[in-house]
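Here the structure is laid out as structure tokens; the discussion comes afterwards.
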Protein chains: 2
Amino acid sequence: MATAPDPEDLTARARIRDAAMRHFADHGFAKATIRGIAETAGVSSGLVRHHFGSKQALRDACDEWLVRAVRRLNDQATADMRAGQISNYVAAARASMLPHSRYLTRSLAEGGAGALFDEMVGMTTEWLADYVRANPEASEVDPRHWAAVITAMALGVPILFPHLSRVLDVDLTTSEGDLLLSRTLLHVYSNPLLTRQEAARLRAGLEEQERGEPR
Amino acid sequence: MATAPDPEDLTARARIRDAAMRHFADHGFAKATIRGIAETAGVSSGLVRHHFGSKQALRDACDEWLVRAVRRLNDQATADMRAGQISNYVAAARASMLPHSRYLTRSLAEGGAGALFDEMVGMTTEWLADYVRANPEASEVDPRHWAAVITAMALGVPILFPHLSRVLDVDLTTSEGDLLLSRTLLHVYSNPLLTRQEAARLRAGLEEQERGEPR
DNA sequence: CAGCGGACTACACAACCGTGTAGCGTCCTG
DNA sequence: CAGGACGCTACACGGTTGTGTAGTCCGCTG
């Protein structure tokens with residue numbers, strides 16, 4: 001049940017990467033320092049440069065490693081789901097992201113981890129394809145556009161965890177907060193804010209405005 | 001139709017604030033420099049300190065000013081809406097945020113602008129109160145929790161603008177991108193991903209899991 | 001065993017940043 | 001008109017940061 005082994009994970013290089021991911025997640029890329037990362041990893045600052053070349057290259061390496069880790073976890077979670085050990089797709093996706101969600105959200109908000117965002121959109125697109133097969137009436141937009149917007153909205157929650165925790169008055173990283181959040185998300189995902197009629201009316205308004213004000 | 005005047009806005013202090021908001025939005029708080037801000041504002045770096053005391057205080061002043069600006073724009077947009085000049089609540093809210101959305105999203109993603117997030121949640125809570133009056137069946141969660149999650153999700157879109165623009169292959173800051181995004185958002189808001197039955201089943205699973213694994 | 005490459009460290013450097021201080025001009029006021 | 005408050009600048013300081021360089025230790029190989 002533990003994270004996959006990866007024999008490399010005991011090397012200094014791996015310890016530096018892990019420390020870097022924690023520092024980037026905690027302080028952001030700009031405020032994190034190579035010396036602080038080296039200290040956490042228990043090595044000299046020169047070794048960081050020796051292994052990764054530069055701070056930016058270290059960041060790239062973290063992103064790249066994250067892509068591989070998430071892909072691996074996702075494959076495993078998908079297999080578990082097919083074997084009936086995980087009840088649904090959302091739980092599988094969350095299980096994939098959770099261990100590194102803090103780094104992931106930081107990096108995404110700072111404009112990085114583009115490959116991972118694309119991958120998440122791809123996964124959501126596939127999921128939506130199944131959804132549209134079951135609900136053919138909901139196919140008025142490009143599934144990939146739809147998936148991209150859904151992905152961005154879903155990521156807004158973990159990105160704004162501190163704000164949400166404050167407003168909800170619960171630490172969302174605890175199991176209590178997770179339960180409250182899950183319940184609320186189920187409510188959000190099952191209660192449309194607009195009826196199809198309202199949406200059609202607003203869409204008509206959009207297109208009228210487009211024709212009226214082409215400039 | 002132009003932004004409200006504010007006689008102060010011609011002073012060097014105001015120019016510094018405007019420059020700071022642009023720099024913070026463009027480079028993030030940590031990477032933005034007082035010297036760069038001063039240069040953009042056309043003043044010496046010492047004057048920045050003279051007016052605001054410290055970099056953090058300058059940031060606080062930007063957040064505070066933004067709260068007032070958004071509040072003012074929102075009041076005006078609400079009045080316009082009541083006068084029938086703006087067709088809906090979402091358009092009014094967007095009109096309030098748009099001029100400063102880049103700074104706002106940066107600050108939010110970095111954990112700042114808490115007062116503004118709370119205010120947005122409050123506005124959404126009020127809006128949801130009207131919604132629940134019309135749809136009484138959707139009142140199984142605390143409206144404030146619901147509003148907070150919706151707000152966070154809605155903010156995920158502008159926070160991840162760069163990623164979304166890349167995936168959708170359109171610059172979302174242009175009117176063309178805005179139209180595509182608006183259409184997609186209408187689709188998202190009017191198409192629930194879960195039926196009430198599915199949500200109830202998943203919710204039952206959650207609570208069973210809670211009882212089964214209290215630790 | 002010689003030697004060679006890679007992991008690793010210690011140290012130095014140049015740049016930059018936030019902050020502090022001293023001082024100049026100007027406008028307002030009593 | 002004296003004088004002080006205020007807007008504003010110039011300059012210096014200490015600290016930190018990313019990066020560069022030289023050198024040590026160690027294990028492997030021929």
Side-chain angles (χ1 to χ4, degrees), chain A residues 5-66 103 106-107 109-113, chain B residues 5-66 103 106-107 109-113:
Chain A
D6 250 12
E8 265 191 13
D9 271 10
L10 296 173
T11 67
R13 184 186 163 91
R15 289 206 314 277
I16 292 171
R17 193 202 337 96
D18 289 350
M21 290 185 72
R22 201 155 75 221
H23 277 247
F24 289 157
D26 287 346
H27 313 115
F29 176 73
K31 216 174 177 183
T33 69
I34 291 186
R35 283 172 176 82
I37 292 168
E39 189 180 4
T40 299
V43 300
S44 73
S45 67
L47 189 61
V48 177
R49 170 173 169 77
H50 173 69
H51 276 301
F52 296 93
S54 73
K55 193 183 179 185
Q56 181 58 45
L58 173 57
R59 184 206 177 125
D60 295 343
C62 288
D63 280 357
E64 193 185 341
W65 184 87
L66 182 64
Y103 173 81
R106 270 274 193 184
S107 189
E110 290 175 356
Chain B
D6 251 13
E8 265 191 15
D9 271 10
L10 296 173
T11 66
R13 182 185 164 93
R15 289 207 316 277
I16 292 171
R17 194 205 332 100
D18 290 349
M21 292 186 70
R22 202 155 76 220
H23 276 246
F24 289 156
D26 287 346
H27 313 115
F29 176 72
K31 215 174 176 183
T33 68
I34 291 186
R35 284 172 174 84
I37 292 168
E39 188 180 3
T40 300
V43 301
S44 73
S45 67
L47 190 61
V48 177
R49 170 172 168 76
H50 173 70
H51 276 301
F52 296 94
S54 73
K55 193 184 179 185
Q56 182 57 45
L58 173 56
R59 183 204 178 126
D60 294 343
C62 288
D63 281 356
E64 193 184 342
W65 185 87
L66 182 63
Y103 173 81
R106 270 274 194 182
S107 189
E110 291 175 356

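First the proteins, then the strands, lettered A, B, ... as listed; each starts at 1.
For the pair A/Phe29 CZ and D/dT17 C1', the interatomic distance rounds to 12 Å; values are reported in whole Å. If you take CD1 of B/Ile16 and P of D/dC8, they are 7 Å apart, rounded to a whole angstrom. Following rounding to the nearest Å, B/Glu39 (CD) and C/dG18 (P) show an atom-to-atom distance of 14 Å. Counting to the nearest Å, the P atom of D/dG15 and the NZ atom of B/Lys55 are 19 Å from each other. Rounded to whole Å, atom C1' of C/dG5 lies 14 Å from atom NE2 of A/His51. Between B/Leu58 atom CG and C/dG18 atom C1' the separation is 12 Å, expressed in whole Å. Going from atom CZ of A/Arg13 over to atom P of C/dC8 covers 11 Å, rounded to whole Å. The distance between atom CZ of B/Phe52 and atom C1' of C/dG18, rounded to the nearest whole Å, is 16 Å.
Side chain of B/Leu47, nearest nucleotide from C/dC8, D/dC11, D/dC8: D/dC8. Taking only side-chain atoms of A/Arg35, from C-beta outward, the nucleotide of C/dG18, D/dT19, C/dC8 with the closest atom is D/dT19.
Within the structure, every side-chain polar atom (N or O) of A/His50 is placed at least 4.0 Å from both OP1 and OP2 of C/dC8.
The closest side-chain heavy-atom distance from A/His51 to A/Val43 is not below 4.5 Å. Here the side chains of A/Ile37 and A/Phe24 are in contact, with some heavy-atom distance below 4.5 Å.
Counting any heavy atom pair closer than 4.0 Å across all strands shown, A/Ala57 reaches no nucleic acid atom. Across all strands shown, B/Ala41 has no heavy atoms under 4.0 Å from either base or sugar-phosphate atoms.
Checking side-chain atoms of B/Arg15 against main-chain N and O of B/Ala41 turns up a donor-acceptor pair under 3.5 Å. Side chain of B/Lys31 to backbone of B/Asp26: no donor-acceptor contact under 3.5 angstrom is found.
Nearer to the 5' terminus of DNA chain C, by closest-nucleotide assignment, is the contact made by A/Ser44 (compared with the other of B/Gly53 and A/Ser44).
If you check distances only, the side chain of A/Arg49 never reaches the base of D/dG18 with a donor-acceptor pair under 3.5 Å.
A salt bridge links A/Arg59 to A/Glu110: one of the charged nitrogens lies within less than 4.0 Å of a carboxylate oxygen.
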